[in-house]
Amino acid sequence: MSDTKTDYRSTLNLPDTPFPMRGDLPKREPGWVKEWDEKGIYKKLRDVRAGASKFVLHDGPPYANGQIHMGHAVNKILKDMIVKARQLKGLDAIYVPGWDCHGLPIENQIEKTFGRNLSRDEVQAKSRAYATEQIALQKEDFKRLGVLGEWDNPYLTMNPGNEADEIRALKRIMERGFVYRGLKPVYWCFDCRSSLAEFEIEYADKKSQTIDVAFESAEPAKLAAAFGLPALDKPASIVIWTTTAWTIPANQALNLNPTLEYALVDTPRGLLVLASALVEKALARYQLEGTVLATALGEKLAGLNFKHPFHDVADPGTGTYSYRRLSPVLLADYATADDGTGIVHSSPAYGVDDFNSCVANGFHHDDILNPVQANGVYVDELPMFGGQFIWKAAPVIVDALRDADRLLATETISHSYPHCWRHKTPVIYRAAAQWFIRMDEGEGVFTKDKAPQTLRQLALNAIEETSFYPENGKVRLRDMIAGRPDWCISRQRNWGVPLPFFIHTATGELHPRTMELMDTAADMVAQGGIEAWSKATAESLIGADAEFYTKSNDILDVWFDSGTTHYTVLQKSHAAQSTWPADLYLEGHDQHRGWFHSSLLTACAMYDHAPYKGLLTHGFTVDSQGRKMSKSQGNGVDPQKTSEKLGAEIIRLWVAASDYSGDIAGDDKILARVVDTYRRVRNTLKFLLANISDFDPATDAVPLEEMLEIDRYALSRAAQLQADILAHYEVYEFHPVVSKLQIYCSEDLGSFYLDILKDRLYTTGPKSLARRSAQTALHAITQAMLRWMAPFLSFTAEEAWKVAGSSESIFMETYASFNPQNDALLAKWSRIREIRDAVNKDIEALRADGKVGSSLQAEVSLEVNADDHALLSSLGDDLKFVFITSAINLVAGSATNTVARASSYTKCERCWHYREDVGIDAAHPTICGRCTSNLYGAGEDRKYA
């Protein structure tokens, strides 16, 4: 008698889990951020790892100014992923976020808001308040990205303790002999109204007007003699070529190369001195014909004097001949025949080579002309051009040269030129009395513990001991250190850590008690911040000596602030949380000339060693066309909007999936593909969780030796993948992990193992060995997979952990343990998968022809070679479950050949297999014998799949 009332679907072990298919990330992620915050998860992670080896990624401080952009997001997410991966490894992985709080951008913001006429005290107070507001805003955005860290106790370079310790760091560097004061040309930005360090310079194209200018000989007889001639029968001039017309009023010398040959050329414009190799090009520029009368090496012309180009020009304002001075010929190797005329005009205040050449030839600092003020305007007293901004004055100077008949040629060119990193405006070299950290040999002030080598050599040695990710960063940093000039560390601004010096008004020497005064200043600042030093009077600090000394108002370069955090933070304010050196510094590749650079120099100056064991660099964020993301260009992807629309998890997955060693491309289309990847992983995770919902590993786990063979294979494959993933994590690689995880979910699991497993999970007895074996494997895979993905899919892993985990957070765990991978099993099932793929193509052809509706409707006759026959035969009757067909007949042959046909049997209502024994039990006429056994009998015997 048939049973028409049984609902066989209800007899299946259908998957069930509270883990939803839809992530609904934008709505649910803020809840996780809040929970991590309220429960103090980061602190609990520290408690869990107490006593374990530390891993310290020292945070390169973002600047406390403005809303975070996608570059910030990439940087912070990379750091977070690395720290979490090390945490899961079992290390006490510490992350103390920090902020760079002093410096020009904040001071500029205050000037824009309140004007430039504020007192120093007002600038400092308003800057501190502004930085505090910005930090609070940025902190919330970083936390929204899922970044775990010591957010309730970050480091701030403007904390009084950090400011004080920065002064102590400077004192240590002075004791080691690296600090000196000198008049030198330094990069100068008119917008900053301050000197700049090498780190603050970038190069961009600039249009400049080149000029060829004739300096008339003041000593014709000596010039003739130098060229071996008895006399000159025409006026003679030496010709210079330059792109900086604005420096002509400050010209004080001419540089020739001693070993270069120079020619005396007879032209309709008189006799011209030019490098022999450049005569033809120069005359073509001047549109002149000429004949070389004589040649001489540059050394023969040394000491000859030539007239300033404006020597015979009267100042229209005063009628005086204010430029009646001579320019002597100096010898210098940097004069070459590469371009121009082979003669370099020297304005020592505005060029390092010019300055060094003049000083080496007896110029005193007081002799050097420096008419350009801090704002780029000539002093009013400069004859003919006083009060003019130099860029606007340049064409005026060109016209004056033309009027004086000193101009031989001019043209406009576009060339690479140094610009201010912040303002994107051209800078100049400008001589100024500044404080420097010396790279090479020389004596510093107050040296008492002289370093064993030059700072350059110490830094180059340290680079050799540092690991670089990627490796090419090593060459880049080494080249920068090898060729960089001394570091100008003083700035003429208000918002920053002071150089607490008193300088003698007559001699320029530091007060003899300077080192003691630095300790006093540090103590004052520790109590009252930099404001305490600013408000202190000279009389209160040095008493009667105040009459003879000036209190310095200079502040330290902001790169010194962040560059000494290895001391002020790792060894001072957060010493308990840290190690020295740090395990890793991680920033964008531009920081080879920034934070990595300044940190290396200060640490080597203090301790002869780099402050980091490893350096990791990432690229910039760019759009799909490779253009750098920029708000002004409108091609940026906003992290706040993306979090609101797609979820921060998608940003995290995008970062993880990108090869950060190059630039990181992102736009709506790229993010849409990332969403697809996320869905694939989430769907796989949901399937896993749903099929172990009734599984308790403590009571239900099956020992490895009793598990079905395909389950043992799945565990071995997971162990193999985990080894790959952890090897990538060890060297801070994430995009291969995402790629392999995606393939694992879609191919290893979705298209193979889980596809095969569904029948066993759904149709066998709930507590049968067949099902529990599968669940044992799935539970282990789930536990491992959650840990693999937790560093980058942190929200999702934590959400799933609430369903599948036992502790409060996935990040309290360590990576799962697997039995060693079984290579023989991996090889066997790899071949089975290859054969299965081939068979599936034949079945798909049947489906395309409409002959079968699913693979279960197919019966397959499979001819294979002897080795494959033995391989497949070893699975016995379970082979059909691997191929997901109702029947499979193996035939021994010489090659693989598949014949698939639609089954002639009836479909089982419960398991959907087409079987001859459907209805064998009259009480259950619509189901097969194995379903009857699984429901009402001993259950089917499954050994392999």
Side-chain angles (χ1 to χ4, degrees), residues 60 62-63 65-82 105 138 141-142 144-147 199-205 416 419-424 468-473 475-477 480 585-597 615-678 732-739 742 792:
Y63 200 70
N65 181 33
Q67 191 176 53
I68 71 165
H69 52 67
M70 197 57 94
H72 288 117
V74 166
N75 180 268
K76 276 290 191 283
I77 288 169
L78 272 174
K79 291 172 179 174
D80 186 58
M81 294 193 302
I82 287 172
Q138 290 185 6
D141 283 345
F142 287 140
R144 175 65 184 86
L145 294 171
V147 179
F199 320 123
E200 298 169 298
I201 296 299
E202 63 184 12
Y203 284 81
D205 286 344
S416 181
H419 285 64
C420 173
W421 195 2
R422 297 184 185 92
H423 291 102
K424 313 301 180 186
F468 286 81
Y469 311 90
E471 181 64 28
N472 60 15
V475 175
R476 187 173 183 188
L477 183 56
M480 287 181 175
Y585 275 32
L586 183 167
E587 297 301 325
H589 56 61
D590 57 334
Q591 294 304 318
H592 285 119
R593 65 186 176 94
W595 189 54
F596 296 159
H597 197 124
L615 279 184
L616 185 150
T617 52
H618 61 81
F620 293 131
T621 52
V622 298
D623 62 18
S624 56
Q625 296 178 321
R627 299 174 303 173
K628 186 176 177 182
M629 287 189 187
S630 164
K631 286 187 177 181
S632 60
Q633 290 188 35
N635 67 336
V637 178
D638 187 277
Q640 294 84 358
K641 291 180 180 177
T642 303
S643 295
E644 292 172 4
K645 180 182 177 182
L646 301 175
E649 197 82 315
I650 302 305
I651 302 176
R652 295 182 67 93
L653 184 55
W654 166 64
V655 173
S658 302
D659 181 358
Y660 62 73
S661 64
D663 287 342
I664 303 164
D667 59 17
D668 290 342
K669 289 183 179 179
I670 291 172
L671 290 176
R673 292 197 293 271
V674 174
V675 170
D676 289 340
T677 300
Y678 175 78
Y732 313 119
E733 292 177 348
F734 294 94
H735 71 280
V737 174
V738 175
S739 176
Q742 182 178 351
F792 50 92

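- To the nearest 0.5 Å, the span separating OH on Y469 from CD on E733 amounts to 10.0 Å.
- By the salt bridge (charged side-chain N to carboxylate O under 4.0 Å, His left out) test, K79 pairs with D59, E587, sequence neighbours left out.
- Taking CG from D141 and CD from Q67, the interatomic distance works out to 6.0 Å, rounded to the nearest 0.5 Å.
- Distance alone, capped at 3.5 Å, is enough to place a donor-acceptor pair between the Q138 side chain and the G66 backbone.
- Residues satisfying the ring pair (Phe, Tyr, Trp, His ring centres under 6.0 Å) criterion with Y585, sequence neighbours excluded, are H58, W595, Y612.
- Taking CG from D676 and CD from Q742, the interatomic distance works out to 9.0 Å, rounded to the nearest 0.5 Å.
- Once rounded to the nearest 0.5 Å, the distance linking OG1 of T642 with CG of L145 reads 10.0 Å.
- Scored by the side chain to side chain donor-acceptor pair (under 3.5 Å) test, T677 finds no partners at all (sequence neighbours excluded).
- Across P639 and I651, no two heavy atoms sit closer than the pair O-CD1, 3.6 Å.
- The shortest heavy-atom contact between F596 and L616 is CZ-O, 3.6 Å.
- Between F620 and V74 there is no side-chain heavy-atom pair separated by less than 4.5 Å.
- Residues passing the ring pair (Phe, Tyr, Trp, His ring centres under 6.0 Å) test with H419, sequence neighbours excluded: none.
- Between the side chain of H597 and the backbone N or O of G594, no donor-acceptor pair lies under 3.5 Å.
- The side-chain contact (heavy atoms from CB on, under 4.5 Å) test with F734 singles out one residue from I82, I77, L653, and that residue is I82.
- Aromatic ring centroids of Y660 and H735 lie 6.0 Å or more apart.
- Proximity of M70 to W654: side-chain heavy atoms (C-beta onward) are separated by under 4.5 Å at one or more points.
- With sequence neighbours excluded, no residue satisfies ring pair (Phe, Tyr, Trp, His ring centres under 6.0 Å) with H618.
- Heavy atoms of other residues, nucleotides or ligands lying less than 6.0 angstrom from NZ of K669 number 12 at most.
- Counting heavy atoms from C-beta outward, R144 and Q640 have side chains that stay 4.5 Å or more apart.
- Y63 pairs by the ring pair (Phe, Tyr, Trp, His ring centres under 6.0 Å) definition with nothing, not counting sequence neighbours.
- Smallest separation of non-hydrogen atoms from T617 and P470: OG1-CD, 3.4 Å.
- When every heavy atom of F792 is checked against every heavy atom of R652, the shortest pair comes out as O-NE, 2.9 Å.
- Shown here for G619 and I664, the closest heavy-atom pair between the two residues is O-CD1, 4.1 Å.
- Proximity of a side-chain donor or acceptor of H592 to a complementary backbone N or O of H589 within less than 3.5 Å is detected.
- Atoms CD and CG, from E644 and D638 in turn, are 8.0 Å apart once rounded to the nearest 0.5 Å.
- For the residue pair A665 and D623, the shortest heavy atom distance occurs at CB-O, 3.9 Å.
- To the nearest 0.5 Å, the span separating NE2 on H69 from OG1 on T621 amounts to 7.0 Å.
- Side-chain contact between V655 and M81 is present, with heavy atoms from C-beta onward closer than 4.5 Å.
- Side-chain contact check for L586 versus Y732: every heavy-atom pair is 4.5 Å or farther apart.
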